[in-house]
Amino acid sequence: MMIRQPKNMERRVLIANRGEIASRVAKACRELGHTAIGIFTDNEPQGTHLQFCDEWVYLEGNTNAETYLNVEKLVALAKEIKADGVHPGYGFLSENRDFANALSEAGITFIGPHVEAIRVMGDKATSKKLANEAGVPTVPGTDHAVPTVDEAVQIADKIGYPVLLKAVAGGGGRGMRACNNEAEVREQFDAVGREAAAAFNNGDLLVEKLIVNPRHIEVQILADKKGNTFHFFERECSVQRRHQKIIEEAPSPFIGSDEELRQRVCETAVKLAKAVEYDSAGTVEFIMGEDKQFYFLEMNTRIQVEHPITEEITGMDLIVCMIQAAFGDELGIPSQEFIRRSGHAIECRICAEDPITMLPAPGLVTGFETNFPQGTRFDHCLYKGLEVTPDFDPMVGKLVCKGIVRDVAVRKMNAALDGLFIEGLKTNLPLLKEIMTEKNFVDGHYSTAYIGEVAPQNNVKTDLDHIKLYTIIAGSEARRMGI
Ligand code: ADP
Ligand code: ADP
Ligand code: MG
């Protein structure tokens, strides 16, 4: 079923995703003059992304397996609507090489990298091996799956404890377990393998050194099909819960004004991207120790959730560039020096979750209003009446603030959080608010141990919701009176 007449636009792009990223991609398509085609399903018959699309198509199904994760149905749909390209967003099929392959066999452009790059980087063992071969530093440990617990213990003895057991097929922060001694390795090895097999269809594990109090630092890459590979500087994503990011910023406060280090990190990322002949937008993730040694973690062969902070400091539209690269169009970037950065940007992931336990808290959005300071960007999928279900990721929006320096960005984020009203369900807004005024974060002194050790969640003021409620009432009263 197709609604609305096609416009006479340059190319037809099917957006195989939902939520905020589907809106973001639709807007980029429109900007380029392409026809943005959005999907709706039985599971989610409406969504804000459809508002920014030129055409809407129905994909039958009540579960993700029947819809956004269904290669066969999505490829058939893309053919039926005569798509020239498909943008997968993030999550779902964005790093699925069968999907990319099937599209290319159908003569449809997968808006992402070539299939071989997805394959090599999609596995934490093959990617680590490639990094080692390319001379990119990797975390001490193995770059192949460790078959037995005895071998795992041997390797751990060699590299020293603590170690991390890590699923080669893991993702989304899942499939990892820290072990402090031999007994823990013996206790955990089979269990982590079984969990990985259940979650990722692959029980293979790596053993690597656990870097203590590390920083998560990643580099945005953009490459085209003509062999041009650029970096867009780094992001720091060390504020994490369950190995998943909550707050990201660019540039990294840990690298700070160490331009030599910054350049080394960025150039290392480019080296790796070139080694796999990368040809799209992607991210090379590193873990950096307290001693500023850095090691390759993984490469995400897709656009990432936190790409907006890079856009804010560089002024470039990464999704536009990614689409241009996929269709073989000119990027209009003459050299690496053309890409400059200025100022500081912070992103807070707004999630429908309990602000203290940080566990998903689905529910119905009964009210949604914004009143932001200058310099705020909000990429989101919120509307009054949105039902947040356990079927999808609990992230409902990304609040992004930019300032001329970090302090200003933090202050603006504080004001922006005060200007975001989401009612009807629990969100992590009170936690984000707490972090934005917490001394260690404000000073830029934090590692991935921040949530575990500083534990800002323990100071969350849950009565903040009431304050917001009164503010909304005051706001609607004021509007009623025409103020
Ligand atoms: P990013 O790396 O873009 O900052 P995440 O790593 O949190 O973001 O992943 C992006 C999205 O993809 C999230 O919605 C996450 O839940 C999902 N995701 C990533 N990898 C997997 C995976 N292997 N299995 C399931 N979901 C995943
Ligand atoms: P995923 O595919 O789930 O994103 P990553 O390898 O990127 O997996 O790791 C996710 C997070 O786990 C990192 O940002 C970091 O916080 C932590 N982590 C991963 N490897 C290590 C390590 N060797 N030492 C310390 N922390 C690590
Ligand atoms: Mg990662």
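Just so you know, ligand 1 is whichever comes first in the structure, and atom 1 is the first atom listed for that ligand. Positions are given from 1 along the sequence.
Side-chain atoms of Arg340 and Thr314 include no donor-acceptor pair closer than 3.5 Å.
With a 4.0 Å heavy-atom cut-off, ligand 2 is reached by the side chain of Ile287 but not by its N, CA, C or O. Contacts between Leu210 and ligand 2, counted as non-hydrogen atom pairs separated by less than 4.0 Å, involve both the backbone and the side chain.
Remark: among candidates Met176, Lys124, Arg174, His243, the nearest residue to atom 9 (O) of ligand 2 is Met176, based on non-hydrogen atoms.
With sequence neighbours left out, the side-chain hydrogen bond (donor to acceptor under 3.5 Å, both in side chains) criterion links Glu312 to Arg377.
When the Mg ion (ligand 3) is compared with the N/O/S atoms of Glu285, atom OE1 turns out nearest.
Counting backbone and side-chain atoms alike, Glu298 contributes an N/O/S atom closer than 2.8 Å to the Mg ion (ligand 3).
Interface of Lys166 with ligand 2, defined as ligand atoms under 4.0 Å from a residue heavy atom, comprises 6 (O), 19 (C), 20 (N). Residue-ligand proximity, His216 to ligand 2, at heavy-atom distances under 4.0 Å covers atoms 13 (C), 14 (O). If you number the atoms of ligand 2 from 1 as listed, the ones under 4.0 Å from a heavy atom of Glu285 come out as 7 (O). Close approach to Val139 involves these atoms of ligand 2, each under 4.0 Å from a residue heavy atom: 23 (N).
A 4.5 Å side-chain heavy-atom check between Val75 and Val71 finds at least one atom pair inside the cut-off.
For the pair Thr448 and ligand 2, the shortest N or O to N or O distance does not fall below 3.5 Å. For ligand 2, one of its N or O atoms has an N or O atom of Gly173 under 3.5 Å away. For a threshold of 3.5 Å applied to N or O pairs, the pair formed by Ile211 and ligand 2 contains at least one separation below that value.
At a threshold of 4.0 Å, the pair Glu285-Lys245 counts as salt-bridged, since one of the basic side-chain nitrogens sits closer than that to a carboxylate oxygen.
Minimum interatomic distance between Met436 and Cys348 (heavy atoms only, all atoms of both residues): CE-SG, 3.7 Å. Considering all non-hydrogen atoms of both residues, Leu205 and Ala196 come closest at CD2-CB, 4.5 Å.
Outside the 6.0 Å centre-distance limit, the rings of Tyr295 and Phe286 are not counted as a close aromatic pair.
Residue pairs meeting the ring-ring contact (aromatic ring centres under 6.0 Å, His included) criterion with at least one partner in residues 233-252, sequence neighbours excluded, are His231-Phe233.
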